[in-house]
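Down below is the structure, laid out as structure tokens.
Order of the sequence lines sets the chain letters (A, B, ...), proteins ahead of strands, with each chain counted from 1.
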Amino acid sequence: MAAESTKTLVIVESPTKATKIAGYLGDDYIVESSRGHISDLPTNASSVPAKYKGEKWARLGVDVDHDFEAIYVVPPEKKPTITSLKQALAEADELLLATDGDREGEAIAWHLQRQLKPKVPTRRMVFHEITESAIRESLTQLRDLDMDLVDAQETRRILDRLYGFEVSPVLWRKMTQNLSAGRVQSVATRLVVDRERERIAFRSAAYWDLAAQLDAGAEAEPRSFRSRVTEIGDHRIAQGRDFDARGQLTASGSAPVIALDETAANTIADSIRAADLSVKQVESKPYTRRPYAPFRTTTMQQEAGRKLGFSAQRAMSVAQDLYEGGYITYMRTDSVQLSNSAITAARAQVKQLFGDSYLPKSPRVYTSKVKNAQEAHEAIRPAGDTFRTPAQTGLNGDAFRLYELIWMRTVASQMADAVGETVTVRIQADLPGSVTVTSPAAQVTADTAQLVASGRTITFHGFLKAYVESVDDGASDDQQTRLPQLSQGQALSAEEVIAAGHETRPPARYTEPSLVAKLEELEIGRPSTYASILRTITARDYVFKRGAALVPTWLAFAVTRLLEEHFTQLVDYDFTAKLEQTLDLVAGGNAERVRVLSDFYFGDGDAEGLKELTTELGDIDARKISTFGIGDLDSGLTVRVGRYGTIVEQAPEGDGEGKRAAVPDDLPPDELTVEKAKELLARPMGEERELGLHPDTHRPIVARSGRFGPYVTEVLAEDAPKGTKPRTGSLFSSMDLDTIDLDTALKLLSLPRTVGELDGETVTAQNGRYGPYLKKGSDSRSLETEEQIFTVTIDQAKAIYDQPKRRGRAAAKPPLKELGNDPNTEKPMVVKDGRFGPYVTDGETMASLRRGDDVETITPERGAELLAEKRAKGPAKKAAKKAPAKKAAAKKSTAKKTTAKKTAKKAPAKKTAAKKTTAKKATSSSSSGS
DNA sequence: CAGTGAGCGAGCTTCCGCTTGACTT
């Protein structure tokens, strides 16, 4: 009943944006934000709405049998957003959906309309820069939702869901639990694996080359300069780039090439020292260099990494703070465009800081090189219509450093070209006599050699005065090499001739920024996801970092091979690029969502669909896929990824036994050479420790880590009769492999301990699969603690046996909670604690509490619901379970171990600390101006 | 990968892209 005035509700994606736009639009507008997507496919089984739970496809959240209809749910953390948007809408008589102007933004607008169900006129509003004029302009160009664009987004979303949720379970079955596959992560992993394969296959080549320090005479400035010896006779001297990855010389160019060894290089060096040197040719060319484009997400991450040492995550987190503090524009962007007002601001600053000569006549315009760029935002630049210098911001620490970087890059992008000159000088060496050098592939006899010196001078630095991009190797753009003025025929003398040996190096591993750059080039992933892609492949143990380098695990090798062999097209480097083309067709109304998804999922005649690929797994031989040869084929050495980790194996020789040993988790695959494998095999149990000799048998007692945890055992003599099994004893949980001593080990090996006699039978105490227990004939009872194995007396044992067995300790525990009678069965429901955590039971049916359920807060209604659900699907399972019962049981125990290991590993990843400090600084900016 | 006894419920993991919180130390 807001009678007095009419209001328009504008919804954008980001709260920061909302605040800014509200200032431009004035009091007739309420501006709110959705904070990204507000609804999505259900993330897991528990978030699937009850009415779909019985459906076969509920697991996917997509009804694959009926036009790929999607179930959309509002995640719990989004409910407050929806509520407040609805409240704002109640005050408004018009709704403008002003989410980003790209595929995802259009979809968010559509989801907003679905969830808010507006009764007032609703239009779509799109602007590409946050300036008052751009926003005023967009108000005059309102439109309806573009349903084709929404369809394109939904196609993308559903395809990703089908890929991820159908292929991941294949990995669980064939490899290990908790693995994952997806359109983006699987290709990212494959890139890292492929690079490691190249490194493993790489064969280094050794070669020598020659450098000469030359003297141009007393008047020359500089008098001395460096040159390379490039030719001997008519043969070019090989450099690193003349060798291929197999270490072979490649025939490139017209001149024949010779690779020098040490002897040959020294022969030539001696000869040049005594040669007459003269300038043969001087060639100079003008040099100009245009500034770099302003930052987008990937280039900012790379430069923040190289210049400031930030990880991708760190760069984004600091940038987020700068954005929220109003210092920079949006940091997740693939655009390099600057708004007109930004160009004006940058040019003004160029003039002020560097002067007119550094300002090009007309503004520079940058267009995106990113092929699938969505261009919903500007480049990353200082915010506002005038740029604050870093000092004027009052920032400090990481925020200051990143702002400074962004500011300089933006200003530099509107500066003049760098101008200079490059000079190439060719020098002839007339050798004192003819020289003959030989290499395996060639023999050369020559009486001349050629040297080359290159120089670069920069006469006007232009933008380089403000910003020079860092390089991983090679020369940076502002590096200068000065040569003296030289003229043809001029005589020179050699100060020094140096022969040096080199080896070709394998291709470098990816780093975080270089992998992200590669993904961007392949159009895989989006600015908002680059940082999380790295997090995902690290969390899955596909990749780990060694320094800055990303190293794949053998697990990644195995998973990648499985995907390459059985889902070939899905991990094709072009898969996403092709998908983007198809999505463009959908967005343009030239292809249909259902058809695209159907072809993908059910196949399109020629190609098999995903469904078939993920159902017919019979021909996937997991063991074969997980086994890799080491060195040559006949080395007999293999590395295998198993559920217990990665091991090297040596094939049995003759009728001997094969050997195996664990491979350390942090050993890069390319370092697992034949030698390394043999070294590992030489001490089969990595953590084995000898504790001493058994006093009776004089055999060594060792402590090892095994399949069921740490244990001690006796090493049998070589000549022990075949089939003799050594005694073993598991360590108590209170003991440690590193500290256990011989006495304790002997006590463990002496088990079972005889406690005494009871009812004419011997009672023993020992450790077992389910923990410590007593045994009397076939009657066994659990003990409370492991220590009791050594301490329990016969009287105490008698007391334990006097208790009835069936209702032992487990049942003596009271239920955690009583829920009253089940309305369906009228039986009392209780919550109990079991092997798999808390569960509810009515004495007949049992059902685990689900995610989100809590023992404290669970209601009788929920208990009854869980039981009813369980009863509904109970019987179907029993029949299917029978056959593989044994396997399943074995799987379980191991699965638990790997999960435990994983979660422990994951734990340290947190990223909160820095946020607060920078935010604080942002608020105290007024005090320090420059 | 060592090999020890019983008897009791499994359910869940996973994708990619938009965005910011609010648990704790």
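For A:Glu324 and B:dA22, the CD to P distance is 12 Å, given to the nearest whole Å. Protein atom CG of A:Leu534 is 12 Å distant from nucleotide atom P of B:dC16, rounded to whole Å. Atom CE of A:Met331 is separated from atom C1' of B:dC18 by 11 Å (rounded to the nearest Å). Put simply, CD1 on A:Ile533 is 17 Å from P on B:dT14, counting in whole angstrom units. Between the OH atom of A:Tyr773 and the P atom of B:dG7 there is a distance of 13 Å, given to the nearest Å. We find that CD of A:Glu13 is positioned 15 Å from P of B:dG21, with the value rounded to whole Å. Here B:dC16 presents its P atom at 18 Å from CD1 of A:Ile108, a figure rounded to the nearest Å. Rounded to whole Å, atom C1' of B:dC15 lies 15 Å from atom CD1 of A:Ile537.
Residue-to-nucleotide proximity on DNA chain B shows that, of A:Arg157 and A:Arg526, the 5′-proximal contact is made by A:Arg157. Of the two residues contacting DNA chain B, namely A:Val712 and A:Thr529, the nearest-nucleotide position lying further toward the 5' end is that of A:Val712.
Within 4.0 Å of A:Thr536, counting heavy atoms only, lie sugar-phosphate atoms of the nucleic acid but no base atom. Residue contacts shown for A:Tyr163 are absent, as no nucleic acid heavy atom lies under 4.0 Å away. A:Ala181 comes within 4.0 angstrom of the backbone, heavy atoms only, and of no base. Within the 4.0 angstrom heavy-atom criterion, base atoms lie near A:Gly36. Heavy atoms of A:Tyr530 sit nowhere under 4.0 angstrom from any nucleic acid atom. A:Gly105 comes within 4.0 angstrom of nothing in the nucleic acid, heavy atoms only. Nucleic acid contact for A:Gln185: sugar-phosphate only, since backbone atoms but no base atoms lie under 4.0 Å from a heavy atom of the residue. A:Asp100 comes within 4.0 angstrom of the backbone, heavy atoms only, and of no base.
Of the listed residues (A:Asp665, A:Thr646, A:Thr189, A:Leu179), just one forms a side chain to side chain contact (heavy atoms under 4.5 Å, CB included) with A:Leu555, and that residue is A:Leu179.
The side chain of A:Ser528 approaches B:dC18 more closely than any other nucleotide in the set B:dT20, B:dA2, B:dC18. Taking every side-chain heavy atom of A:Trp172 into account, B:dT13 is the closest of B:dT13, B:dC15, B:dT20. For A:Pro169, whose side chain is taken as the heavy atoms from C-beta onward, the closest listed nucleotide among B:dA2, B:dT14, B:dT20 is B:dT14. Of all nucleotides listed (B:dT14, B:dT19, B:dT4), B:dT19 comes nearest to the side chain of A:Pro15. Checked against B:dT14, B:dG17, B:dA2, the side chain of A:Arg156 finds its nearest nucleotide in B:dG17. The nucleotide whose nearest atom lies closest to any side-chain atom of A:Thr16 is, among B:dT14, B:dC18, B:dT20, B:dT20. Distance from the side chain of A:Ser14 is smallest for B:dT20 among the nucleotides B:dC16, B:dT14, B:dT20. Of the candidate nucleotides B:dT14, B:dT19, B:dC18, B:dT19 has the atom lying nearest to any side-chain atom of A:Arg35. The listed nucleotides are B:dT19, B:dT14, B:dC12; the one nearest the side chain of A:Ser180 is B:dT14. Taking every side-chain heavy atom of A:Val184 into account, B:dG17 is the closest of B:dA2, B:dG17, B:dT19.
Relative orientation of the A:Tyr330 and A:Tyr323 rings is perpendicular, given thresholds of 30° and 60° on the angle between their planes.
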Checklist line | Pair A:Leu748-A:Leu731, side-chain contact (heavy atoms from CB on, under 4.5 Å): steps then yes or no | finding: CA-CA 7 Å; A:Leu748 289 175; A:Leu731 266 60; 4.2 Å; yes
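Between A:Ser39 and A:Arg114 the shortest side-chain heavy-atom distance does not fall below 4.5 Å.
Residue A:Tyr839 and nucleotide B:dA10 are not classified as a stacked aromatic pair, given the requirement of ring centres less than 5.5 Å apart at an interplanar angle below 30°. The aromatic ring of A:Phe165 does not sit over the base of B:dC15, since the test of centres under 5.5 Å and planes under 30° is not met.
A cation-pi arrangement, defined by a distance under 6.0 Å to the six-membered ring centre and an angle within 45 degrees of its axis, is present between A:Arg161 and A:Phe165.
Stem analysis of DNA chain B (Watson-Crick or G-U pairs, both distances under 3.5 Å, runs of at least three) returns none.
The residues A:Glu166 and A:Arg59 are annotated as salt-bridged, a charged nitrogen and a carboxylate oxygen being separated by less than 4.0 angstrom. Residues A:Glu77 and A:Arg35 are not paired through a salt bridge, judged by the lack of any N-O separation under 4.0 Å between the basic side chain and the carboxylate.
Checked against ring-ring contact (aromatic ring centres under 6.0 Å, His included), A:His37 has no partners two or more places apart in sequence or in another chain. Applying the salt bridge (Lys or Arg N to Asp or Glu O under 4.0 Å) test to A:Lys17 and every residue at least two apart in sequence or in another chain returns A:Asp100.
A:Arg161 has no side-chain polar atom (N or O) that falls below the 4.0 Å cut-off from OP1 or OP2 of B:dT14. Taking only side-chain nitrogens and oxygens, A:Tyr711 never comes nearer than 4.0 Å to OP1 or OP2 of B:dT4. Regarding contacts with the backbone of B:dC12, every side-chain N or O of A:Asn178 stays at 4.0 angstrom or more from both OP1 and OP2.
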